[in-house]
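Accompanying notes for the structure given below.
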Amino acid sequence: MGGHALVPASPAADLTTGLAVNLLDASSLLTAFGALGIAVVMFAETGLLIGFFLPGDSLLFTAGLLARSGAHSGPHLDLAQVLAASVVGALAGAQVGYVLGRRGGRALLTRSRSRKLHEGAERAEELLARYGHARAIVLARFVPVVRTVLNPLAGALGVAPRTFALWQVTGGLVWTVGLVLAGYGLGSVVPDIDRYLLPVVGAVVALSLLPVALELLRSRGRRRAVTPETNPAPAPSARQEP
């Protein structure tokens, strides 16, 4: 019988195709790894300096969208699994980052040549100095890159373990659960929101920065209120008696 026999693709080729994942695309990560991918990304972004580029905000929001009932593009995720993976990954990652910071100190940051990472470290240090440990740890969760570097930086600067644990858990719960439920709720009430996924995710990321922006404005207002006038009064002109 003439012709060429069809040769089935090798398992290695199938594996290579299956692993073609865009780490910067939330939908691609969720399609490939599901809830497990959420936990890994949350852990890496909040606990390891190499994870500063990962899409934490958009991943959480998109996972909430994909957990809603009904037909939609992309994989269907279980809401309980998404919430559990998000919380566990974010809380465990932050705690590991803190421990690494206590042991490795600033050497963890100085070894990196990433300008973006060093800028994030400066902003994290500014948050700690300006707002105190508790508020800075919570606010940092909503700022990309800063939430990656603040945890080891807090360890390096000697933030008390109990203080860090309490407020990183508080901030981590608000950040993860809030964004997942926001995606789930919005996807449940807005039909065909998948068509507008990119602009919606962009808006969510911008909104996630709102607490920090409001805090900055309040802080500036308080500083202006308590800062005395620095302009000296004009000295009276000397007059010579005739």
Side-chain angles (χ1 to χ4, degrees), residues 11 14-100 138 140-148 151 165 168-205 207-208:
D14 291 339
L15 181 61
T16 302
T17 303
L19 291 179
V21 180
N22 182 0
L23 295 178
L24 300 179
D25 180 37
S27 298
S28 178
L29 283 167
L30 293 170
T31 300
F33 303 114
L36 177 61
I38 301 172
V40 172
V41 170
M42 291 297 102
F43 182 89
E45 191 190 11
T46 58
L48 306 176
L49 292 178
I50 58 173
F52 71 91
F53 64 91
L54 293 171
D57 295 313
S58 59
L59 182 67
L60 292 171
F61 185 80
T62 305
L65 281 177
L66 296 178
R68 72 190 192 279
S69 58
H72 55 74
S73 60
H76 180 76
L77 303 176
D78 180 76
L79 180 62
Q81 292 180 358
V82 168
L83 288 171
S86 304
V87 170
V88 170
L91 301 191
Q95 205 63 44
V96 167
Y98 173 80
V99 172
L100 292 176
V138 173
R141 287 288 192 175
F142 298 90
V143 187
V145 183
V146 175
R147 61 171 162 260
T148 303
N151 301 319
Q168 77 94 351
V169 168
T170 302
L173 287 173
V174 173
W175 178 54
T176 55
V177 175
L179 280 178
V180 169
L181 292 183
Y184 181 84
L186 191 61
S188 300
V189 299
V190 178
D192 298 326
I193 195 173
D194 306 62
R195 300 179 181 178
Y196 316 102
L197 185 58
L198 287 178
V200 168
V201 168
V204 168
V205 173
L207 288 174
S208 70

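The basis for the numbers below is simple: all heavy atoms, side chains too, and nothing from hydrogens, waters or symmetry mates.
Nearest heavy-atom pair across A63 and I38 is CB-CD1, 3.6 Å. The shortest heavy-atom contact between S86 and V180 is OG-CG2, 3.8 Å. Shown here for A35 and A85, the closest heavy-atom pair between the two residues is O-CB, 3.3 Å.
Note that the CZ atom of F61 and the CG atom of L181 stand 11.0 Å from one another [nearest 0.5 Å]. Distance check, rounded to the nearest 0.5 Å: CG of L91 to OG1 of T170 gives 9.5 Å. Remark: L59 CG to T176 OG1 distance equals 11.5 Å, nearest 0.5 Å. The CZ atom of F43 sits 12.5 Å away from atom CG of L54, with the distance rounded to the nearest 0.5 Å.
R141 contributes no side-chain N or O that, together with a main-chain N or O of R147, makes up a donor-acceptor pair within less than 3.5 Å. Formation of a donor-acceptor pair under 3.5 Å by the T148 side chain with backbone atoms of E45 is found in this model. Distance alone, capped at 3.5 Å, places no donor-acceptor pair between the D57 side chain and the P144 backbone.
Counting only heavy atoms from C-beta outward, the side chains of T62 and L30 approach each other to under 4.5 Å. The shortest side-chain heavy-atom distance between Y184 and L79 falls under the 4.5 Å cut-off. In this structure the side chain of L66 never reaches within 4.5 angstrom of the side chain of V82, judged on heavy atoms.
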